[in-house]
Protein chains: 2
Amino acid sequence: MTGSDTRAKLLTAAQDALRDDGIAALSARSIAARAGVNQALVFYHFNSVGELVETACRRACDDSVLFYREQFAAVGSLAELLEVGRELHERERGLGNVAMMAQLMAGAQRDDVLASAARYAMSTWNAEIESVVRRVLVGSAFADIADPAGLARAISAGFIGLELYDGIDRLGAQQALDALQRLGVLVEVMDDLGPVASRALRARVRRTSRAGRATHA
Amino acid sequence: MTGSDTRAKLLTAAQDALRDDGIAALSARSIAARAGVNQALVFYHFNSVGELVETACRRACDDSVLFYREQFAAVGSLAELLEVGRELHERERGLGNVAMMAQLMAGAQRDDVLASAARYAMSTWNAEIESVVRRVLVGSAFADIADPAGLARAISAGFIGLELYDGIDRLGAQQALDALQRLGVLVEVMDDLGPVASRALRARVRRTSRAGRATHA
DNA sequence: GTCTATACACCGATAGAC
DNA sequence: GTCTATCGGTGTATAGAC
């Protein structure tokens, strides 16, 4: 090895610190203490605390997306998507990558380095989710009205908020996910209508949508 | 007056600082500088920075909910709810109460005082939104499958995430809201089906829902 | 109620021994 | 590559003059 595992220890320590203590309590000293190494090594291996956090978040994001990729690939329906979403949330409660991203975004408001890391993480997740949404929508009755890119962003952002909310009210977050899952069943059923009803619905949606847009504009 | 307006100035300064600079950059000095008063006054009027922030957030939350109350009262359909949601988001971009709450929740992970303020804010919003959702669902085809309390929590948490996301990607957040609004139109149309189709849908939903729950449990 | 001055802890970051 | 020691800066919080 070119170097010891200090670098790696700092990266995971940064991740843990961000998840457990939040962006407000983050410092080179707290991260180093968590990693069991000297504080000065933060600046040797990375140039600043910000860059360490950035690197850690990018890596965690890539790992996380890679981990869920095959589960996402197996998703063929909205119900399955919601089920994967539930499992993801359950797993994330322990692993905390999404919570880490939430802290990253909170800190990104005034820190350009963190902001770029946050943008990278969100766009990575968005791309992944968008492809799943697109696939689920193929042949659907409302494929032409739904916007996969926008929905993917809504889902990503929604999860960020949900994970933050989970941190202060676990039961409430659970309740929210349950409600969404139930609503998902509804849409699923709708999409499962016969071809005649489906066509009628499609026409109607198009009409109402245009009207709504016109009113709005 | 028993005292000058220093107290009030500190409260709004805390609000602004939390919104603009985030929880990570928050300090008695930065807040006092923003308010144009001496740093020591933070500890005279409030006992600590945490208590100042707590008070500011509770007040801002109450004000904000009160402000939107009449708009919420006028909501009679899902489309209108989504429209109010859009206006709220537009207004919040400038005023920043939701962004403030997002920062509050980010800081609440390890701070009990902030956590209690965050819980207060969220439950206040949840109660308000829940009553609107409940009203919108009255007489709806899927009134018996939707859970107003859960949906209200999902909406609140979702907005938190969306506002954080807006801070790093304005266009993406816009796109997400557009997609949701379009999806809202869909549900609206669905709910507008004839009584026969509506009854069939309801029965089907109940059946599928039970199956899904059973599989899940 | 508001100010100055000050205590003490922690922060990021660097220099230099090993 | 890792450590100790240290700098200047900022944080919370308090004491005391006004």
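Reminder, nothing fancy here: chain letters follow the sequence lines and each chain counts from 1. What you see below is based on every heavy atom in this structure, not just the backbone, and it leaves out hydrogens, waters and symmetry mates. Remember, it's a predicted structure, so these values are computed and weren't measured experimentally.
- Ionic pairing of A:Arg91 and A:Glu87 is not present here: no N-O contact between side-chain nitrogen and carboxylate oxygen is shorter than 4.0 angstrom.
- If you check the side chains of B:Tyr68 and B:Asp63, you find no donor sitting under 3.5 Å from an acceptor.
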Which parts of nucleotides 11-18 of chain D does protein reach within less than 4.0 Å, heavy atoms only, written one letter per nucleotide 5' to 3' as B for base, S for sugar-phosphate only and - for none?
BBBB----
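- Atom P of nucleotide D:dA5 and atom CG of A:Asn38 are separated by 11 Å, given to the nearest angstrom.
- A:Leu10 places its CG atom 13 Å from the P atom of D:dG1, with the value rounded to the nearest Å.
- Ion pairing between a basic and an acidic side chain is recognised when a charged N comes within 4.0 Å of a carboxylate O; B:Arg93 and B:Asp166 show such pairing.
- The distance from the OG atom of A:Ser116 to the CG atom of A:Asp112 is 8.5 Å, given to the nearest 0.5 Å.
- One atom, CG of A:Asp111, and another, P of C:dG12, lie 12 Å apart when rounded to the nearest Å.
- Distance A:Leu41 CG to C:dT14 C1': 13 Å, rounded to the nearest Å.
- Using a 4.0 Å cut-off between charged side-chain N and carboxylate O, B:Asp21 and B:Arg34 make a salt bridge.
- With respect to A:Asp16 and A:Arg19, a salt bridge is recorded, a charged nitrogen being found less than 4.0 Å from a carboxylate O.
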